[in-house]
There are 2 protein chains.
Amino acid sequence: MALRNAVMAALLEGEASGYDLAKGFEASVANFWMATPQQLYRELERMEGEGLVRARVVQQERRPNKRLFSLTEAGRRVLRAYVAQGPSKPLAIRDELMVKVQCVDIGDTGDIEAVRAAVAERVERATAKLARYRRMQERMLAGRTEDEYLATADRVGPYLTLQGGMALERANLQWGETVLKRLAQRTAALGGGSARARA
Amino acid sequence: MALRNAVMAALLEGEASGYDLAKGFEASVANFWMATPQQLYRELERMEGEGLVRARVVQQERRPNKRLFSLTEAGRRVLRAYVAQGPSKPLAIRDELMVKVQCVDIGDTGDIEAVRAAVAERVERATAKLARYRRMQERMLAGRTEDEYLATADRVGPYLTLQGGMALERANLQWGETVLKRLAQRTAALGGGSARARA
DNA sequence: TTGCCATACTCAACAAAGTGAATAGAGTAC
DNA sequence: GTACTCTATTCACTTTGTTGAGTATGGCAA
(Lines give C-alpha, C1' and ligand atoms only; values in the text may rest on other atoms or scores of the structure.)
Protein backbone atom coordinates (compact mmCIF):
# COMPACT_ATOMS: atom_id res chain seq x y z
CA MET A 1 0.00 0.00 0.00
CA ALA A 2 2.96 2.26 -0.50
CA LEU A 3 3.08 2.12 -4.24
CA ARG A 4 -0.21 3.92 -4.35
CA ASN A 5 1.28 6.96 -2.70
CA ALA A 6 3.97 7.07 -5.35
CA VAL A 7 1.31 6.72 -8.03
CA MET A 8 -0.71 9.55 -6.55
CA ALA A 9 2.40 11.69 -6.36
CA ALA A 10 2.92 11.06 -10.06
CA LEU A 11 -0.68 11.92 -10.85
CA LEU A 12 -0.16 15.29 -9.19
CA GLU A 13 1.54 16.23 -12.46
CA GLY A 14 -1.68 15.54 -14.31
CA GLU A 15 -3.60 12.76 -16.02
CA ALA A 16 -1.71 9.68 -17.07
CA SER A 17 -2.43 6.22 -18.41
CA GLY A 18 -1.02 3.07 -16.89
CA TYR A 19 1.27 2.94 -19.83
CA ASP A 20 2.48 6.50 -19.29
CA LEU A 21 3.27 5.71 -15.69
CA ALA A 22 4.93 2.46 -16.64
CA LYS A 23 7.51 4.05 -18.84
CA GLY A 24 9.36 6.48 -16.73
CA PHE A 25 6.70 6.85 -14.10
CA GLU A 26 6.00 10.27 -15.45
CA ALA A 27 9.76 10.91 -15.58
CA SER A 28 10.33 12.09 -12.05
CA VAL A 29 8.81 9.64 -9.57
CA ALA A 30 10.67 6.73 -11.15
CA ASN A 31 13.88 8.08 -9.70
CA PHE A 32 12.92 6.95 -6.25
CA TRP A 33 10.17 4.41 -6.79
CA MET A 34 10.35 1.65 -9.33
CA ALA A 35 7.37 -0.39 -10.46
CA THR A 36 6.57 -2.75 -13.30
CA PRO A 37 3.63 -2.10 -15.64
CA GLN A 38 1.64 -4.92 -14.07
CA GLN A 39 2.02 -3.47 -10.64
CA LEU A 40 0.81 -0.12 -11.85
CA TYR A 41 -2.22 -1.40 -13.73
CA ARG A 42 -3.21 -3.52 -10.80
CA GLU A 43 -2.78 -0.72 -8.32
CA LEU A 44 -4.65 1.76 -10.51
CA GLU A 45 -7.51 -0.72 -10.75
CA ARG A 46 -7.70 -1.01 -6.99
CA MET A 47 -7.39 2.69 -6.47
CA GLU A 48 -10.22 3.31 -8.89
CA GLY A 49 -12.31 0.86 -6.88
CA GLU A 50 -11.57 2.86 -3.76
CA GLY A 51 -12.30 6.17 -5.41
CA LEU A 52 -8.78 7.55 -5.15
CA VAL A 53 -8.43 7.95 -8.88
CA ARG A 54 -10.89 8.30 -11.71
CA ALA A 55 -10.47 6.92 -15.21
CA ARG A 56 -11.47 8.50 -18.48
CA VAL A 57 -11.37 6.49 -21.67
CA VAL A 58 -9.79 8.27 -24.59
CA GLN A 59 -10.69 6.92 -28.00
CA GLN A 60 -7.72 6.81 -30.30
CA GLU A 61 -7.75 6.15 -33.97
CA ARG A 62 -4.48 4.58 -34.84
CA ARG A 63 -3.66 3.19 -31.43
CA PRO A 64 -5.48 1.16 -28.83
CA ASN A 65 -7.76 3.26 -26.67
CA LYS A 66 -6.37 4.29 -23.38
CA ARG A 67 -7.63 5.08 -19.93
CA LEU A 68 -6.31 8.29 -18.47
CA PHE A 69 -6.29 8.37 -14.71
CA SER A 70 -6.49 11.44 -12.55
CA LEU A 71 -6.54 12.04 -8.82
CA THR A 72 -9.92 12.52 -7.21
CA GLU A 73 -10.54 14.83 -4.29
CA ALA A 74 -10.60 11.75 -2.05
CA GLY A 75 -7.23 10.72 -3.44
CA ARG A 76 -5.85 14.15 -2.76
CA ARG A 77 -7.05 13.99 0.82
CA VAL A 78 -5.50 10.57 1.34
CA LEU A 79 -2.25 11.79 -0.11
CA ARG A 80 -2.22 14.85 2.13
CA ALA A 81 -2.89 12.70 5.16
CA TYR A 82 -0.01 10.49 4.12
CA VAL A 83 2.35 13.43 3.75
CA ALA A 84 1.32 14.85 7.11
CA GLN A 85 1.56 11.62 9.06
CA GLY A 86 4.53 10.51 11.08
CA PRO A 87 7.84 8.95 10.26
CA SER A 88 8.42 7.31 6.90
CA LYS A 89 10.15 4.02 6.45
CA PRO A 90 13.90 4.54 6.33
CA LEU A 91 14.51 3.96 2.58
CA ALA A 92 14.81 0.54 1.10
CA ILE A 93 17.67 -0.21 -1.21
CA ARG A 94 18.37 -3.48 -2.86
CA ASP A 95 21.50 -3.38 -4.90
CA GLU A 96 22.74 -6.50 -6.64
CA LEU A 97 25.87 -4.78 -7.76
CA MET A 98 26.88 -4.17 -4.17
CA VAL A 99 26.37 -7.84 -3.39
CA LYS A 100 28.76 -8.67 -6.17
CA VAL A 101 31.30 -6.15 -5.00
CA GLN A 102 31.07 -7.62 -1.53
CA CYS A 103 31.94 -10.98 -3.08
CA VAL A 104 34.81 -9.72 -5.19
CA ASP A 105 37.38 -11.64 -3.17
CA ILE A 106 35.70 -14.99 -3.60
CA GLY A 107 37.68 -16.26 -6.55
CA ASP A 108 40.45 -15.44 -8.93
CA THR A 109 41.16 -12.44 -11.14
CA GLY A 110 38.39 -13.60 -13.46
CA ASP A 111 35.83 -12.84 -10.78
CA ILE A 112 37.39 -9.46 -10.23
CA GLU A 113 37.05 -8.79 -13.93
CA ALA A 114 33.35 -9.70 -13.86
CA VAL A 115 32.76 -7.31 -10.99
CA ARG A 116 34.79 -4.63 -12.70
CA ALA A 117 32.60 -4.93 -15.78
CA ALA A 118 29.46 -4.69 -13.68
CA VAL A 119 30.74 -1.57 -11.93
CA ALA A 120 31.73 -0.05 -15.26
CA GLU A 121 28.20 -0.60 -16.50
CA ARG A 122 26.83 1.12 -13.42
CA VAL A 123 29.13 4.06 -14.00
CA GLU A 124 27.90 4.39 -17.55
CA ARG A 125 24.30 4.25 -16.50
CA ALA A 126 24.89 6.81 -13.81
CA THR A 127 26.56 9.13 -16.31
CA ALA A 128 23.66 8.80 -18.72
CA LYS A 129 21.10 9.31 -15.99
CA LEU A 130 22.89 12.34 -14.68
CA ALA A 131 22.93 13.88 -18.15
CA ARG A 132 19.21 13.22 -18.49
CA TYR A 133 18.56 14.79 -15.11
CA ARG A 134 20.54 17.84 -16.08
CA ARG A 135 18.45 18.26 -19.20
CA MET A 136 15.31 17.94 -17.12
CA GLN A 137 16.65 20.51 -14.73
CA GLU A 138 17.37 22.95 -17.52
CA ARG A 139 13.91 22.46 -18.92
CA MET A 140 12.41 23.16 -15.52
CA LEU A 141 14.53 26.21 -14.88
CA ALA A 142 13.89 27.55 -18.39
CA GLY A 143 16.60 30.15 -18.14
CA ARG A 144 15.84 31.24 -14.59
CA THR A 145 18.30 30.77 -11.77
CA GLU A 146 17.53 28.23 -9.11
CA ASP A 147 16.57 30.97 -6.66
CA GLU A 148 14.22 32.62 -9.11
CA TYR A 149 12.65 29.31 -9.93
CA LEU A 150 12.11 28.26 -6.34
CA ALA A 151 10.68 31.65 -5.46
CA THR A 152 8.19 31.76 -8.31
CA ALA A 153 7.26 28.18 -9.17
CA ASP A 154 3.90 26.72 -8.21
CA ARG A 155 5.47 23.44 -7.30
CA VAL A 156 8.94 22.83 -6.00
CA GLY A 157 8.55 19.13 -5.12
CA PRO A 158 9.53 17.74 -8.51
CA TYR A 159 12.56 19.99 -8.60
CA LEU A 160 13.72 18.91 -5.17
CA THR A 161 13.31 15.21 -5.92
CA LEU A 162 15.19 15.73 -9.14
CA GLN A 163 18.00 17.16 -7.05
CA GLY A 164 17.80 14.01 -4.98
CA GLY A 165 18.14 11.84 -8.04
CA MET A 166 21.13 13.85 -9.14
CA ALA A 167 22.79 13.59 -5.74
CA LEU A 168 22.30 9.83 -5.83
CA GLU A 169 23.75 9.46 -9.31
CA ARG A 170 26.70 11.66 -8.49
CA ALA A 171 27.41 9.46 -5.49
CA ASN A 172 27.12 6.37 -7.66
CA LEU A 173 29.46 7.79 -10.20
CA GLN A 174 32.07 8.91 -7.76
CA TRP A 175 31.98 5.61 -5.92
CA GLY A 176 32.04 3.57 -9.09
CA GLU A 177 35.06 5.37 -10.39
CA THR A 178 37.12 4.85 -7.28
CA VAL A 179 36.10 1.19 -7.18
CA LEU A 180 37.18 0.78 -10.80
CA LYS A 181 40.55 2.25 -9.93
CA ARG A 182 40.93 0.03 -6.89
CA LEU A 183 39.99 -3.12 -8.73
CA ALA A 184 42.46 -2.36 -11.50
CA GLN A 185 45.17 -1.96 -8.89
CA ARG A 186 44.19 -5.21 -7.29
CA THR A 187 44.15 -7.16 -10.55
CA ALA A 188 47.65 -5.85 -11.23
CA ALA A 189 48.81 -6.77 -7.72
CA LEU A 190 47.41 -10.30 -8.00
CA GLY A 191 49.51 -11.25 -10.97
CA GLY A 192 49.13 -8.72 -13.75
CA GLY A 193 46.10 -10.30 -15.37
CA SER A 194 47.10 -13.95 -15.36
CA ALA A 195 45.18 -16.56 -13.39
CA ARG A 196 45.81 -17.18 -9.74
CA ALA A 197 45.06 -20.04 -7.39
CA ARG A 198 41.47 -20.29 -6.32
CA ALA A 199 40.44 -19.33 -2.82
CA MET B 1 16.00 -15.65 -5.14
CA ALA B 2 18.09 -12.56 -4.76
CA LEU B 3 18.03 -12.36 -1.00
CA ARG B 4 19.98 -15.57 -0.87
CA ASN B 5 22.89 -14.01 -2.68
CA ALA B 6 23.00 -11.26 -0.12
CA VAL B 7 22.86 -13.84 2.65
CA MET B 8 25.70 -15.80 1.12
CA ALA B 9 27.71 -12.62 0.74
CA ALA B 10 27.21 -12.01 4.43
CA LEU B 11 28.26 -15.56 5.29
CA LEU B 12 31.52 -14.95 3.47
CA GLU B 13 32.54 -13.12 6.64
CA GLY B 14 32.08 -16.31 8.59
CA GLU B 15 29.47 -18.28 10.47
CA ALA B 16 26.37 -16.49 11.61
CA SER B 17 23.01 -17.31 13.15
CA GLY B 18 19.76 -16.08 11.72
CA TYR B 19 19.63 -13.70 14.61
CA ASP B 20 23.10 -12.37 13.88
CA LEU B 21 22.12 -11.72 10.31
CA ALA B 22 18.85 -10.16 11.35
CA LYS B 23 20.43 -7.45 13.39
CA GLY B 24 22.64 -5.54 11.08
CA PHE B 25 23.02 -8.27 8.53
CA GLU B 26 26.51 -8.79 9.75
CA ALA B 27 26.99 -5.01 9.76
CA SER B 28 28.03 -4.50 6.18
CA VAL B 29 25.56 -6.18 3.85
CA ALA B 30 22.68 -4.37 5.50
CA ASN B 31 23.83 -1.16 3.86
CA PHE B 32 22.56 -2.29 0.53
CA TRP B 33 20.16 -5.12 1.25
CA MET B 34 17.50 -5.00 3.89
CA ALA B 35 15.60 -8.00 5.19
CA THR B 36 13.42 -8.80 8.16
CA PRO B 37 14.28 -11.63 10.56
CA GLN B 38 11.48 -13.79 9.19
CA GLN B 39 12.75 -13.48 5.69
CA LEU B 40 16.20 -14.49 6.78
CA TYR B 41 15.12 -17.50 8.80
CA ARG B 42 12.92 -18.70 5.98
CA GLU B 43 15.61 -18.22 3.39
CA LEU B 44 18.26 -19.91 5.53
CA GLU B 45 15.91 -22.85 5.98
CA ARG B 46 15.47 -23.19 2.24
CA MET B 47 19.12 -22.75 1.52
CA GLU B 48 19.95 -25.47 3.99
CA GLY B 49 17.51 -27.71 2.16
CA GLU B 50 19.32 -27.00 -1.08
CA GLY B 51 22.72 -27.55 0.44
CA LEU B 52 23.93 -23.98 0.00
CA VAL B 53 24.51 -23.51 3.70
CA ARG B 54 25.10 -25.87 6.57
CA ALA B 55 23.89 -25.39 10.12
CA ARG B 56 25.69 -26.25 13.30
CA VAL B 57 23.84 -26.14 16.61
CA VAL B 58 25.73 -24.42 19.36
CA GLN B 59 24.63 -25.28 22.88
CA GLN B 60 24.54 -22.26 25.08
CA GLU B 61 24.14 -22.20 28.81
CA ARG B 62 22.49 -18.98 29.69
CA ARG B 63 20.83 -18.31 26.36
CA PRO B 64 18.73 -20.31 23.93
CA ASN B 65 20.76 -22.55 21.68
CA LYS B 66 21.53 -21.18 18.30
CA ARG B 67 22.18 -22.52 14.86
CA LEU B 68 25.23 -21.10 13.20
CA PHE B 69 25.13 -21.19 9.44
CA SER B 70 28.10 -21.32 7.14
CA LEU B 71 28.52 -21.49 3.39
CA THR B 72 29.05 -24.91 1.87
CA GLU B 73 31.23 -25.52 -1.13
CA ALA B 74 28.06 -25.76 -3.22
CA GLY B 75 26.96 -22.39 -1.88
CA ARG B 76 30.30 -20.91 -2.75
CA ARG B 77 30.03 -22.21 -6.29
CA VAL B 78 26.54 -20.81 -6.70
CA LEU B 79 27.72 -17.48 -5.39
CA ARG B 80 30.67 -17.41 -7.75
CA ALA B 81 28.43 -18.24 -10.67
CA TYR B 82 26.16 -15.40 -9.62
CA VAL B 83 29.03 -12.94 -9.44
CA ALA B 84 30.36 -14.04 -12.81
CA GLN B 85 27.05 -13.98 -14.63
CA GLY B 86 25.77 -11.11 -16.72
CA PRO B 87 24.15 -7.81 -15.91
CA SER B 88 22.62 -7.19 -12.52
CA LYS B 89 19.30 -5.55 -11.97
CA PRO B 90 19.71 -1.79 -12.01
CA LEU B 91 19.24 -1.07 -8.26
CA ALA B 92 15.89 -0.81 -6.63
CA ILE B 93 15.16 2.10 -4.41
CA ARG B 94 11.94 2.80 -2.69
CA ASP B 95 12.00 6.01 -0.78
CA GLU B 96 8.90 7.23 1.00
CA LEU B 97 10.56 10.47 1.95
CA MET B 98 11.03 11.35 -1.69
CA VAL B 99 7.35 10.69 -2.34
CA LYS B 100 6.54 13.16 0.39
CA VAL B 101 8.94 15.74 -0.97
CA GLN B 102 7.35 15.32 -4.37
CA CYS B 103 4.02 16.15 -2.74
CA VAL B 104 5.24 19.12 -0.77
CA ASP B 105 3.16 21.57 -2.80
CA ILE B 106 -0.09 19.78 -2.23
CA GLY B 107 -1.36 21.81 0.66
CA ASP B 108 -0.54 24.70 2.93
CA THR B 109 2.51 25.62 4.99
CA GLY B 110 1.55 22.89 7.46
CA ASP B 111 2.30 20.27 4.86
CA ILE B 112 5.61 21.91 4.15
CA GLU B 113 6.40 21.73 7.84
CA ALA B 114 5.62 18.00 7.93
CA VAL B 115 7.92 17.38 4.99
CA ARG B 116 10.59 19.56 6.55
CA ALA B 117 10.47 17.48 9.72
CA ALA B 118 10.74 14.26 7.72
CA VAL B 119 13.75 15.56 5.83
CA ALA B 120 15.35 16.73 9.07
CA GLU B 121 14.97 13.23 10.45
CA ARG B 122 16.61 11.79 7.37
CA VAL B 123 19.50 14.19 7.76
CA GLU B 124 19.98 13.11 11.35
CA ARG B 125 19.93 9.46 10.44
CA ALA B 126 22.38 10.02 7.63
CA THR B 127 24.72 11.84 9.98
CA ALA B 128 24.57 9.02 12.50
CA LYS B 129 25.07 6.37 9.86
CA LEU B 130 27.99 8.20 8.37
CA ALA B 131 29.65 8.42 11.77
CA ARG B 132 29.12 4.71 12.27
CA TYR B 133 30.57 3.95 8.85
CA ARG B 134 33.61 6.06 9.62
CA ARG B 135 34.21 4.09 12.80
CA MET B 136 33.91 0.86 10.85
CA GLN B 137 36.35 2.19 8.31
CA GLU B 138 38.88 3.08 10.97
CA ARG B 139 38.54 -0.34 12.51
CA MET B 140 39.16 -1.93 9.14
CA LEU B 141 42.12 0.23 8.31
CA ALA B 142 43.60 -0.25 11.78
CA GLY B 143 46.10 2.54 11.34
CA ARG B 144 47.08 1.69 7.78
CA THR B 145 46.45 4.03 4.90
CA GLU B 146 43.83 3.12 2.35
CA ASP B 147 46.50 2.14 -0.16
CA GLU B 148 48.30 -0.07 2.32
CA TYR B 149 45.07 -1.71 3.31
CA LEU B 150 43.92 -2.40 -0.24
CA ALA B 151 47.31 -3.76 -1.19
CA THR B 152 47.62 -6.14 1.75
CA ALA B 153 44.10 -7.14 2.77
CA ASP B 154 42.72 -10.58 1.99
CA ARG B 155 39.36 -9.15 1.15
CA VAL B 156 38.59 -5.74 -0.24
CA GLY B 157 34.87 -6.29 -0.97
CA PRO B 158 33.56 -5.24 2.43
CA TYR B 159 35.72 -2.13 2.35
CA LEU B 160 34.47 -1.12 -1.08
CA THR B 161 30.82 -1.62 -0.17
CA LEU B 162 31.40 0.38 2.97
CA GLN B 163 32.66 3.17 0.74
CA GLY B 164 29.44 2.79 -1.21
CA GLY B 165 27.37 3.19 1.93
CA MET B 166 29.34 6.27 2.84
CA ALA B 167 28.90 7.80 -0.61
CA LEU B 168 25.16 7.21 -0.36
CA GLU B 169 24.88 8.79 3.07
CA ARG B 170 26.96 11.77 2.08
CA ALA B 171 24.64 12.30 -0.88
CA ASN B 172 21.65 12.00 1.42
CA LEU B 173 23.10 14.48 3.82
CA GLN B 174 24.06 17.03 1.24
CA TRP B 175 20.70 16.76 -0.48
CA GLY B 176 18.75 16.90 2.77
CA GLU B 177 20.51 20.03 3.88
CA THR B 178 19.81 21.95 0.73
CA VAL B 179 16.19 20.82 0.80
CA LEU B 180 15.86 22.03 4.37
CA LYS B 181 17.18 25.41 3.33
CA ARG B 182 14.87 25.60 0.35
CA LEU B 183 11.81 24.63 2.33
CA ALA B 184 12.58 27.23 4.98
CA GLN B 185 12.79 29.86 2.24
CA ARG B 186 9.51 28.70 0.81
CA THR B 187 7.69 28.74 4.11
CA ALA B 188 8.90 32.30 4.60
CA ALA B 189 7.82 33.28 1.09
CA LEU B 190 4.35 31.79 1.53
CA GLY B 191 3.42 33.98 4.44
CA GLY B 192 6.07 33.85 7.12
CA GLY B 193 4.67 30.82 8.95
CA SER B 194 0.97 31.71 9.03
CA ALA B 195 -1.64 29.61 7.26
CA ARG B 196 -2.41 30.01 3.58
CA ALA B 197 -5.34 29.09 1.39
CA ARG B 198 -5.56 25.42 0.47
CA ALA B 199 -4.76 24.28 -3.03
C1' DT C 1 9.06 -8.85 42.21
C1' DT C 2 7.43 -7.13 38.43
C1' DG C 3 8.25 -5.77 34.14
C1' DC C 4 11.09 -4.76 30.32
C1' DC C 5 14.88 -5.69 27.27
C1' DA C 6 18.02 -8.89 24.80
C1' DT C 7 18.91 -13.39 22.93
C1' DA C 8 17.16 -16.86 19.76
C1' DC C 9 14.05 -18.53 17.30
C1' DT C 10 9.17 -20.51 14.98
C1' DC C 11 4.53 -20.30 12.86
C1' DA C 12 0.69 -18.71 10.26
C1' DA C 13 -1.52 -15.70 7.28
C1' DC C 14 -1.67 -12.17 4.17
C1' DA C 15 -0.30 -8.30 1.22
C1' DA C 16 2.69 -6.71 -2.15
C1' DA C 17 5.84 -7.28 -5.84
C1' DG C 18 7.73 -9.51 -9.73
C1' DT C 19 7.73 -12.83 -13.97
C1' DG C 20 6.22 -14.24 -18.28
C1' DA C 21 3.30 -14.41 -21.66
C1' DA C 22 -0.88 -13.20 -24.49
C1' DT C 23 -3.59 -9.89 -27.21
C1' DA C 24 -3.99 -6.56 -30.85
C1' DG C 25 -3.47 -2.88 -34.27
C1' DA C 26 -0.07 0.43 -36.53
C1' DG C 27 4.30 2.04 -37.99
C1' DT C 28 8.93 1.36 -39.65
C1' DA C 29 13.14 -0.86 -41.26
C1' DC C 30 15.24 -4.27 -44.11
C1' DG D 1 6.33 -9.19 -46.96
C1' DT D 2 8.01 -10.07 -42.72
C1' DA D 3 10.02 -9.20 -38.68
C1' DC D 4 10.42 -5.93 -35.10
C1' DT D 5 9.10 -2.24 -32.19
C1' DC D 6 5.66 0.88 -30.01
C1' DT D 7 1.29 1.75 -27.89
C1' DA D 8 -1.83 -0.11 -24.41
C1' DT D 9 -3.46 -3.42 -21.52
C1' DT D 10 -4.75 -7.98 -19.20
C1' DC D 11 -4.18 -12.69 -17.11
C1' DA D 12 -2.17 -16.25 -14.45
C1' DC D 13 1.22 -17.47 -11.40
C1' DT D 14 5.19 -17.36 -8.26
C1' DT D 15 8.15 -15.20 -5.14
C1' DT D 16 8.98 -11.83 -1.69
C1' DG D 17 7.99 -9.11 1.97
C1' DT D 18 5.22 -7.81 6.05
C1' DT D 19 2.64 -8.32 10.37
C1' DG D 20 1.70 -10.15 14.56
C1' DA D 21 1.94 -13.39 17.74
C1' DG D 22 4.02 -17.22 20.38
C1' DT D 23 7.88 -19.73 23.02
C1' DA D 24 11.66 -19.80 26.10
C1' DT D 25 15.59 -18.09 29.14
C1' DG D 26 18.27 -14.77 31.59
C1' DG D 27 19.77 -10.19 33.01
C1' DC D 28 18.94 -5.65 34.78
C1' DA D 29 16.70 -1.90 36.84
C1' DA D 30 12.93 0.50 39.47
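Chain identifiers are assigned alphabetically (A, B, ...) following the order of the sequence lines, protein sequences preceding nucleic acid strands; residue numbering begins at 1 within each chain.
Counting only distance, with no hydrogens or angles, the side chain of B/Thr72 and the backbone of B/Gly51 share a donor-acceptor pair below 3.5 Å.
Remark: the A/Gln38 side chain and the C/dG20 base include a donor-acceptor N/O pair separated by less than 3.5 Å.
B/Asn65 and B/Gln59 share a donor-acceptor pair across their side chains, judged by distance under 3.5 Å alone. Between the side chains of A/Thr36 and A/Gln39, a donor-acceptor pair is found at a separation under 3.5 Å. Looking at A/Arg182 and A/Gln185, their side chains do bring a donor and an acceptor atom within 3.5 Å of each other.
For A/Arg4 and C/dA15, the CZ to P distance is 12 Å, given to the nearest whole Å. A/Asn5 has its CG atom 10 Å from the P atom of C/dA17, to the nearest Å. Regarding B/Leu21, its CG atom lies at a distance of 12 Å from the P atom of C/dA8, rounded to whole Å. The CD-P distance, from A/Glu43 to C/dA16, rounds to 7 Å in whole Å. To the nearest angstrom, C1' of C/dA17 lies 14 Å from CG of B/Leu3. The nearest whole Å value for the distance from the NZ atom in A/Lys23 to the C1' atom in D/dC6 is 10 Å. Rounded to an integer number of Å, the gap from OH of A/Tyr41 to P of C/dA17 is 18 Å. Residue A/Leu44 contributes atom CG, which lies 11 Å from atom C1' of D/dT9 at whole-angstrom precision.
Closest to the side chain of A/Lys66, from the set D/dA8, C/dG20, D/dA21, is D/dA8. Checking C/dA13, C/dG18, D/dT10 against every side-chain atom of B/Arg42, the shortest atom distance belongs to C/dA13. In this structure, of C/dG20, D/dG17, C/dA6, it is C/dA6 that holds the atom nearest to the side chain of B/Tyr19. Here the nucleotide nearest the side chain of A/Arg94, chosen from D/dA8, C/dA17, D/dG17, is D/dG17. Of the candidates D/dT10, C/dA8, D/dC6, C/dA8 carries the atom nearest the B/Asp20 side chain, counting heavy atoms from C-beta on.
With DNA chain C read from its 5' end, the first of the two nearest nucleotides for A/Ala35 and B/Phe69 is the one closest to B/Phe69. Ranked by how close their nearest DNA chain C nucleotide is to the 5' end, B/Pro37 and A/Ala2 are led by B/Pro37.
For the pair B/Gln60 and C/dA8, the criterion of a side-chain N or O lying under 4.0 Å from OP1 or OP2 is met. Taking side-chain N and O atoms only, A/Ser17 has a distance below 4.0 Å to OP1 or OP2 of D/dT9.
At the heavy-atom level, B/Thr36 lies under 4.0 Å from base atoms of the strands shown. Within 4.0 Å of A/Arg67, counting heavy atoms only, lie sugar-phosphate atoms of the nucleic acid but no base atom.
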Handout entry: Intermediate values then yes/no, side chain to side chain donor-acceptor pair (under 3.5 Å), B/Glu13 and A/Gln102
Key = CA-CA 10 Å; B/Glu13 319 263 313; A/Gln102 182 87 10; 3.1 Å; yes
